[in-house]
Amino acid sequence: MVRIGLLGGVRVTTDDGEPVDIGSAKTQTLLAALALSPGTPLPRSRLVDLVWGDDPPRTAHKTLQWHVAQLRKGLGGPAITRVGDAYRLDVPPDAIDVARFRRHVGDGDPGAALTHWGGSPLAGLDAPGLAGAVAGLTEQWAAAVEADLERRAAADPRGVVPALTEFVEQHPLRERAWAVLMTALFRAGRQADALAAYRRARHHLVTELGVEPGPELRAAEAQILAHDERLRGAASSTALFGRDQDLAATLDAIAAAPVVTLVGPGGIGKTQLALAAAGASGGDHWFVELAGIVSPSDVPQAAADTMNLPHRPGQTLTQSIVTALRTGPALLVLDNCEHVLDGAAALAQAVAAGCPAARVLATSRERLGLSGERVLAVGPLAPHAAVSLFHARATAADRTYDPQAHPAAVAELCHRLDGIPLAIELAAARTVSRRPPDLVARLDDHLRATGARRTGTPRHRTLRAAVQWSFDLLTPAEQVLFQQLSVFAGGFDLPAAVAVTDVADVADVDDVLADLVGRSMLTVAFGPDGRRFRLLETMRQFAAERLRERGHADVVAARHAQWCVGAVGAVHRLLTGPDEALGVARLAELWPDLRSAVVRARTTADVALADALVRPLVTELPLRGRQELGDWAEHILDLTTAHDGDLRAFWLLWAAERHTQQADPDAYRRLADRYAAPDLPLCRWASAYATGDGPGLRECLPDAVGALHRQDEPFLAAFLSMTSAGPLLGIGRFAEVDAAVGALADRYRGAGPPTLLHWALQTLAYSAAFQGRSDDSSRYFDEAARVDVPPGTLSANATAEARSAFRRGERQRALRLLLSYVDELIDTANVVAASVVCIEFVNMTAALGLLAEASRMYGYLASANDFGAMAARTLVPMASELTVDAAARIDDRTALLYMREVLTGLVT
């Protein structure tokens with residue numbers, strides 16, 4: 001029998017996986033038309049319409065017969081039957097991937113349906129006559145993804161957010177998906193992001209369709225604003241079996257102690273219990289997954305990433321986290337602490353000492369060892385709960401499973417597995433091919449065979465034995481791939497899996513991945529581009545141990561790093577074009593693996609690898625404040641030698657960007673003293689940029705741009721021109737800026753990325769304002785506001801919106817907008833933008849008669865930098881009424897803090 005695939009492209013294979021030649025594109029189109037309706041006779045006239053659309057050749061009917069003959073050669077004569085004036089495809093429906101997909105959709109099982117989705121229907125085939133069928137299948141796929149994401153959001157709201165974000169960015173008019181994303185964000189403790197998602201959804205609906213959100217989206221927004229407990233659902237607690245007393249004890253401990261640690265072996269259910277406790281706590285909470293980091297020193301960065309909290313100038317990351325948590329009651333969950341125990345303990349201690357109203361809930365295989373720490377041991381499930389869990393998982397794996405058939409065997413199996421949830425779930429997944437009595441027998445054999453490998457606590461030994469037992473049931477090919485996949489810190493797709501293995505045949509790897517999913521050794525999720533796999537952390541650690549024992553860890557890690565280089569390149573192409581938002585989402589998914597690869601490059605002192613991994617992403621530092629890129633820039637500088645002049649100059653440029661954003665020129669000077677070659681154009685530009693030397697910047701800009709062009713970096717060369725525009729405006733080079741940035745705006749309108757178009761338009765707006773061209777300035781600001789930029793993008797939209805509201809007499813709204821933007825600048829450490837917000841602050845406070853407050857900030861503005869001085873001269877109408885104390889100079893951060901204090905007092 002042959003197998004026919006239409007999803008991801010038309011293809012035919014034998015049962016053994018050998019490809020079958022089915023001829024030309026038109027022959028493939030005919031096969032697709034027949035395979036979309038297997039067993040149904042299709043008249044020749046209908047087939048002509050489907051194959052050729054509205055423009056069939058004069059000899060279409062005769063040509064159709066030739067294509068049928070070609071298909072019969074490939075499929076076998078009986079596969080296509082002539083029925084009067086019609087043809088019918090006679091193959092079992094399950095031999096066609098579309099039929100399998102549709103069957104599961106009809107059964108109401110979207111997860112099963114998506115396992116058969118291999119990509120866009122008829123990909124690569126020009127078949128206008130089948131466009132309707134393709135559209136229908138795509139809609140079925142989208143609905144299935146929505147249903148599956150909604151199911152996953154109920155069980156793991158935090159984990160499903162990246163997949164939901166990618167889906168809504170690619171399908172921005174699907175209101176149901178937006179509602180699910182909003183609910184997942186709210187359940188994950190991210191209320192502000194949930195409301196921001198609503199605003200993005202509304203923007204798409206209004207701008208693209210001219211309609212307001214429907215009742216479901218409006219209801220979700222209302223529930224989030226009201227903190228409606230119905231939104232929280234039972235996402236965490238429904239996944240628990242027999243943990244009611246544990247949950248109550250955890251909540252009591254959180255109320256009584258600043259740090260609570262759930263301890264127990266891997267797979268015992270600590271994470272699920274922590275998720276349930278966080279959801280039931282009722283307040284703000286953040287869930288920090290530490291499994292993907294490799295060093296105790298990375299714990300604060302992982303927490304800051306989860307909290308969307310950048311590095312604050314003058315503070316360590318830990319101090320920044322403490323500052324953020326000091327404002328009120330909050331719960332910080334640190335999950336999987338055992339491999340970074342010192343870092344987790346240090347952060348928990350700092351939060352406990354500095355945040356009286358905050359609490360830390362940790363999960364670990366051992367206690368953190370802190371004074372005042374409350375430790376709760378998470379034990380095995382009680383017998384009845386273990387049996388209930390087994391039945392639930394077995395029923396999910398096999399619809400024919402009968403919970404009443406083997407009660408004694410199931411009870412014995414759960415007892416022998418010590419009631420450990422992960423071990424029970426692994427066993428239950430085997431019911432697809434083995435009944436419970438068979439599982440008990442195989443477990444007995446395994447425990448005897450692996451007794452000598454037991455280490456650690458008894459329950460740890462039991463879990464290791466259970467995982468080892470499942471591992472031993474794999475085929476050799478499955479074992480090898482399972483071990484190699486442990487190199488991934490996050491999710492991965494089929495090409496990624498192929499890249500880290502030594503198996504050349506993609507189909508072979510695909511088959512093994514499917515087998516590993518079926519055996520619950522891998523999890524799988526589905527998106528527009530197909531499947532993404534992930535190893536559960538316990539499984540990943542087990543597989544990594546085996547890989548190291550075989551002596552293959554370094555080889556696979558090297559392959560993983562090279563895969564990361566390719567993945568970074570693909571993200572770069574998205575970030576620099578019209579699909580920038582998708583690139584931002586993909587980068588978020590890639591980040592744990594990217595971090596791992598960068599660590600490897602540093603460990604092996606491979607400067608070329610580190611450069612290849614980080615260089616394509618450098619603009620994310622200024623565009624979206626990814627401060628870790630600044631850290632990596634300086635790490636790469638540490639790997640260079642005196643012979644790496646151009647490389648040092650390149651990375652000094654981005655170190656300058658990082659320290660300029662944080663208004664810390666001294667930090668840059670220290671780096672420049674160690675690494676700069678003053679004769680190199682990029683070094684001269686970096687120095688001028690970091691020190692605010694507008695004339696020096698103008699002088700060296702052409703050479704710096706030329707240096708980047710010589711390094712084959714045209715995108716960065718243009719970006720450098722954009723970055724230079726602010727200082728050049730400050731020294732009055734309006735014509736130069738208008739010409740250069742105007743040309744860039746024209747380029748970005750057509751080719752993207754949207755963020756740089758947005759920045760270019762705002763730059764042109766400020767240039768026009770400095771020149772007194774208010775109408776042009778308003779036009780540019782309005783156009784900039786209409787550009788849809790990815791979440792997290794640094795933008796001055798709020799200042800323009802606040803200015804417009806104030807002029808319309810909406811003074812309270814204007815003040816609130818300005819205060820919100822000041823908070824954002826402080827939180828993102830983008831303090832150099834203080835001069836931009838100060839323009840509006842001075843004008844608003846002066847108009848309100850607060851001349852002392854306006855005078856103080858006018859003095860700051862006039863002396864902050866060239867841009868601020870130009871704004872003070874041209875954009876403050878009441879400047880003559882302000883009294884400036886030239887001796888009272890303050891820095892950017894102090895200015896922001898002062899403006900926040902004043903605005904907070906004015907907002908009612």
Main-chain N/O of G269 paired to Q272 side chain as donor or acceptor, under 3.5 Å: no

Electrostatic pair R586:D579 at N-O distance under 4.0 angstrom: no

Under-4.0 Å salt bridge between R624 and E580: yes

L629 side chain reached by V618 side chain, heavy atoms, under 4.5 Å: no

CA sep, side-chain torsions, deciding dist, call: S295, S297, side-chain hydrogen bond (donor to acceptor under 3.5 Å, both in side chains): CA-CA 5 Å; S295 169; S297 63; 2.9 Å; yes

Close aromatic pair by centroid cut-off 6.0 Å: W563 and H560: yes

Exam field: side chain E338 to backbone R365, donor-acceptor pair closer than 3.5 Å: yes

Main-chain N/O of P592 paired with S596 side-chain donor or acceptor, under 3.5 Å: no

Q479 and L474, any side-chain heavy atoms less than 4.5 Å apart: yes

Under 3.5 Å donor-acceptor, R100 side chain and D94 backbone: yes

Donor-acceptor contact present, side-chain H339 to main-chain L290, <3.5 Å: yes

Closest approach of V299 to A344 (non-hydrogen atoms, all atoms of both residues): CG2-N, 3.8 Å

Polar side chain donor-acceptor pair, Q627 to D631, under 3.5 angstrom: no

Close side-chain approach of L516 and M539, heavy atoms under 4.5 Å: no

Test: E289 and R158 ion pair at under 4.0 Å: no

Nearest-0.5 Å distance that lies between atom CZ in R595 and atom CG in D298: 6.0 Å

Full working for side chain to side chain contact (heavy atoms under 4.5 Å, CB included) between L262 and T271: CA-CA 9 Å; L262 304 178; T271 297; over 6 Å; no

Qualifying residue, where the test is side-chain contact (heavy atoms from CB on, under 4.5 Å) with R531 and the options are D510, V517, L522: D510

Check: L7 main-chain N/O paired with D97 side-chain donor or acceptor under 3.5 Å: yes

Nearest-0.5 Å distance, CG of residue L381 to SG of residue C414: 8.5 Å

E589 and E166, any side-chain heavy atoms less than 4.5 Å apart: yes

Intermediate values then yes/no, side chain to side chain contact (heavy atoms under 4.5 Å, CB included), Y675 and D638: CA-CA 9 Å; Y675 300 113; D638 288 341; 2.5 Å; yes

Side-chain (R532) to main-chain (G491) donor-acceptor, under 3.5 angstrom: yes

Min side-chain heavy-atom separation E628-V598 under 4.5 Å: no

Donor-acceptor under 3.5 Å (T640 side chain, L637 main chain): yes

R648 bridged to D644 by N-O distance under 4.0 Å: no

Within-4.5 Å side-chain heavy-atom neighbours: D593 and F492: no

Whether over 12 other heavy atoms sit under 6.0 Å from R435 CZ: yes

Audit row: W654, T619, side chain to side chain contact (heavy atoms under 4.5 Å, CB included) steps and yes/no: CA-CA 9 Å; W654 298 102; T619 56; 4.1 Å; yes

Any F482 side-chain heavy atom under 4.5 Å of V512 side chain: no

Test item: K270 side-chain N/O and G264 main-chain N/O as donor-acceptor pair under 3.5 Å: yes

Residue among D554, D606, V294 satisfying side-chain contact (heavy atoms from CB on, under 4.5 Å) with R600: D554

Side-chain donor/acceptor of T261 to backbone N/O of V375, under 3.5 Å: no

Shortest non-hydrogen separation from I424 to A386 and the atoms involved: CD1-CB, 3.6 Å

Min side-chain heavy-atom separation F488-V500 under 4.5 Å: yes

